[in-house]
Engineer: 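Got a structure here, written out as structure tokens. Questions coming.
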Amino acid sequence: MDFKQIIAEDLSTQLSEHLTINEIYNLLEKPKNTEHGDLAFPAFQLAKVFRKNPAEIASDIADDFSSDIVDKVDVVGPYLNFYLNKGTISAEVLKEIITEKGDYGNTDFGAGKNIPIDMSSPNIAKPMSMGHLRSTVIGNALANILEKMGFQPIKINYLGDWGTQFGRLITAYKLWGEEEKVRANPIAELNELYVRFHEELEKEPELEEVGRSWFKKLENGDKEATELWRWFREESLNEFNIVYDRLGVSFDSTNGESFYNDKMDEVVELLEEKGLLVEDQGAQVVRLEDYDLQPALIKKQDGATLYITRDLAAALYRKRTYDFDQSLYVVGQDQIYHFTQLKAVLAEMGYEWEADIHHIIFGLISIDGQKMSTRRGKVVLLEDVLDEAAVRAEKQINEKNPNLENKDEVAEQVGVGAVVFHDLQHDRRNDFNFNLDEIVQFEGETGPYVQYTRARALSILKKANIDASYFESEKEFALTDDYSWTVIKLIQSFSSTLERAYREYEPSVIAKHALRLAQAFNRFYANVRVLDENPERESRLALVYAVALMLEEDLRLLGVQAPDEM
RNA sequence: GUACCUGUAGCUCAGCAGGAUAGAGCAUUCGCCUUCUAAGCGAACGGCCGGGGGUUCGAAUCCCUCCAGGUACGCCA
């Protein structure tokens, strides 16, 4: 239920001559301070029309105000402060979430429309870094959010599985590689070969030419080159999948860069047909002066295509294949220029749907103030971070709850949860400097804090010896104390939170909801006895159950697992 | 040089579709386990909201400008 809407309607009976319900709705605000009630209406704006001072207006409105869900209206200066009827609302909210469970907050807003999400996109033969974590978990969380909003998300892992670097890699493998070593430890070994290539290149610049020729062979379908490439790809993907499993992420498509290899001629032809392709310094470009942008380089002097050519092909392919409502690209903020150009070229081509393409930018991670780079070896491997997190979680369990049965499993859920939650709890645009101790934190505003809170809630239900069916009666659960009320209001606010997360493509909004709810519940937990014999026992149990459901759903949306005990 | 992003407590960040005394977490100090998991709760300490100007009844929030940091700007992706 949307009590803001109800109050806006109730106010409208007095104000309809001056303000629409929508305007009233937008003026209503949640007071920062709980002493100012549950909802407030500032009367400043009415001062002009009524030609009275706002305080008087507020007082006049209050005199004639009545609403079924409002207990009391306070006038404080120019503000009307509404105090809602806690009993009615808590009963309604609890009933709703307990009935709907994981479906609580679902909408059909998206009407099943497709939204491909370009995400993760690691490079074959290179390890996944913390940078890939960001794209992966943000993309995954957005997919969950979109699905809950009624859309059909399509998670696409746009693998970096093509390009001149594979010529270099094949060269390195032919010179220094050993099959057994690669089989034993594919990505580490291949990456080492790649790094070595760049080291040797300093001494032997002609290696560059060898690399180029191997890539040429690969492009021409040379048997040896193709087999090596396919092998590298397969081994890499197998290793990636281990990480994806740990993160609980799966994909609907792994069409990477190589997939579009034979689809780029069409793009070039289309651009030619439309007269957009011009020669400039031997290269083929699309001019974008009208957009205040540098020309987009479609073909190099040597005729080879480029990043943007491939992305154009991918954009066209996705539009045709999915007829998307929106197309999202979860890619770092360092590629803003690229996507601006991409959209501009599509606009030039006359595709109005370029407006539906959204670059979901995220901030970059640096190490010691330096940008991460595989080439310079300045990179933090995702797997190492997950491992370390799980180890620390296990240590924590041994201290706090040594008798826990499935320690390993829980340590993995808590450790990985900490890493994922840490990534998702801040505005995705924020850059951050890598700091393991900060990421693998178990106290305060963290993933484990939310998980722990839910485990405590479940523990109460377990002690009460009840299960979900206990709540399926026609009983009415109502609570009026302040601790419960704060919890109820947070559960009630989930819909608008979800809506905002969708509108801003911002998973952190959900993470904050989880944290605030966990906080509110822990206060409730510390101050309100549930299991003692008391007249509100049933309602309190219902609240505990509702919190467990809500936290689980918040965490699920973020892609974080929720252990029942920890 | 141009464009974009960022600048809020010692640190990490909320708040920014303008509103009532600027909020969390971490760190520091102190308190709370014979009662539902102390990975918890409470208290204290901590702020020219980068500087300056403007719009407004009202600005951390909007506009301008300056300063500082980051990123990107044609043959990598």
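The figures here come from the full heavy-atom set of this structure, side chains too, leaving out hydrogens, waters and symmetry mates.
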Engineer: For Ile361(A), which residues count as a side-chain contact (heavy atoms from CB on, under 4.5 Å) partner, sequence neighbours excluded?
Structural biologist: Gln333(A), Ile336(A), His359(A), Arg428(A), Arg429(A)
Engineer: Let's see if you can work this out: which of C4(B), A77(B), C73(B) has an atom nearest to the side-chain heavy atoms of Ile336(A)?
Structural biologist: C4(B)
Engineer: Counting only side-chain nitrogens and oxygens, does Arg523(A) get under 4.0 Å of the OP1 or OP2 atom of G42(B)?
Structural biologist: yes
Engineer: Treating a pair as Watson-Crick (purine N1 to pyrimidine N3 plus N6-O4 or O6-N4) or G-U wobble (N1-O2 and O6-N3) with both distances under 3.5 Å, list the stems of 3 or more consecutive pairs that involve RNA chain B.
Structural biologist: B:1-7 with B:67-73, B:10-13 with B:23-26, B:28-32 with B:40-44, B:50-54 with B:62-66
Engineer: Measuring from atom OG1 of Thr254(A) to atom CZ of Arg233(A), what distance do you get when rounded to the nearest 0.5 angstrom?
Structural biologist: 5.5 Å
Engineer: Determine the contact category for Tyr337(A): base if any of its heavy atoms lies under 4.0 Å from a base atom, sugar-phosphate if only primed atoms, P, OP1 or OP2 are that close, otherwise nothing.
Structural biologist: sugar-phosphate
Engineer: Establish, with yes or no, whether the OP1 or OP2 oxygen of G42(B) is under 4.0 angstrom from a side-chain nitrogen or oxygen of Tyr525(A).
Structural biologist: no
Engineer: Quickly work out the Arg456(A) CZ to C41(B) P distance and round it to whole Å.
Structural biologist: 7 Å
Engineer: Can His36(A) be called stacked on A20(B) when the rule is centres closer than 5.5 Å and an angle between planes below 30°?
Structural biologist: yes
Engineer: On a plain distance test, is the side chain of Asp431(A) in donor-acceptor contact with the base of U6(B) below 3.5 Å?
Structural biologist: no
Engineer: Using a cut-off of less than 4.0 Å, is there contact between a side-chain N or O of Arg500(A) and OP1 or OP2 of G15(B)?
Structural biologist: yes
Engineer: Anything under 3.5 Å between a donor and an acceptor, one on a side chain of residues 44-54 of chain A, the other on a protein residue two or more places apart or in another chain? List them.
Structural biologist:
unit_1	atom_1	unit_2	atom_2	d
Lys52(A)	NZ	Asp60(A)	OD2	2.6
Asn53(A)	OD1	Ala55(A)	N	2.9
Asn53(A)	OD1	Glu56(A)	N	3.0
Asn53(A)	ND2	Glu56(A)	OE2	3.0

Engineer: Taking OP1 and OP2 of A20(B), is either one under 4.0 Å from a side-chain nitrogen or oxygen of Lys32(A)?
Structural biologist: yes
Engineer: Which one, A14(B), C41(B), C75(B), comes nearest to the side chain of Leu297(A)?
Structural biologist: C75(B)
Engineer: Side chains of Tyr452(A) and Asn522(A): donor-acceptor distance under 3.5 Å anywhere?
Structural biologist: no
Engineer: So does Lys407(A) pair up with Glu394(A), basic N to acidic O under 4.0 Å?
Structural biologist: no
Engineer: Just to confirm, is there a sub-4.0 Å distance from OP1 or OP2 of U37(B) to any side-chain nitrogen or oxygen of Lys462(A)?
Structural biologist: no
Engineer: Between Asn123(A) and C76(B), is there a contact of a side-chain N or O with OP1 or OP2 at under 4.0 Å?
Structural biologist: no
Engineer: With rounding to the closest Å, how many angstrom separate the C1' atoms on C4(B) and C49(B)?
Structural biologist: 23 Å
Engineer: How would you list, by chain and number, every residue that makes a side-chain contact (heavy atoms from CB on, under 4.5 Å) with Asn123(A), sequence neighbours excluded?
Structural biologist: Lys126(A)
Engineer: For the side chain of Phe44(A), starting at C-beta, report the closest nucleotide among G74(B), A77(B), C57(B).
Structural biologist: C57(B)
Engineer: Might you list the N or O atoms of the protein lying below 3.5 Å from N or O atoms in nucleotides 54-56 of chain B, with each pair's distance?
Structural biologist:
none

Engineer: Which residues satisfy the ring-ring contact (aromatic ring centres under 6.0 Å, His included) test with Phe259(A), sequence neighbours excluded?
Structural biologist: Tyr317(A)
Engineer: Please determine whether any donor N or O and acceptor N or O are separated by less than 3.5 Å between the side chain of Asn522(A) and the base of A39(B).
Structural biologist: no
Engineer: Is it the case that the side chain of Lys299(A) and the backbone of Leu306(A) share a donor-acceptor pair, with hydrogens and angles ignored and the cut-off at 3.5 Å?
Structural biologist: no
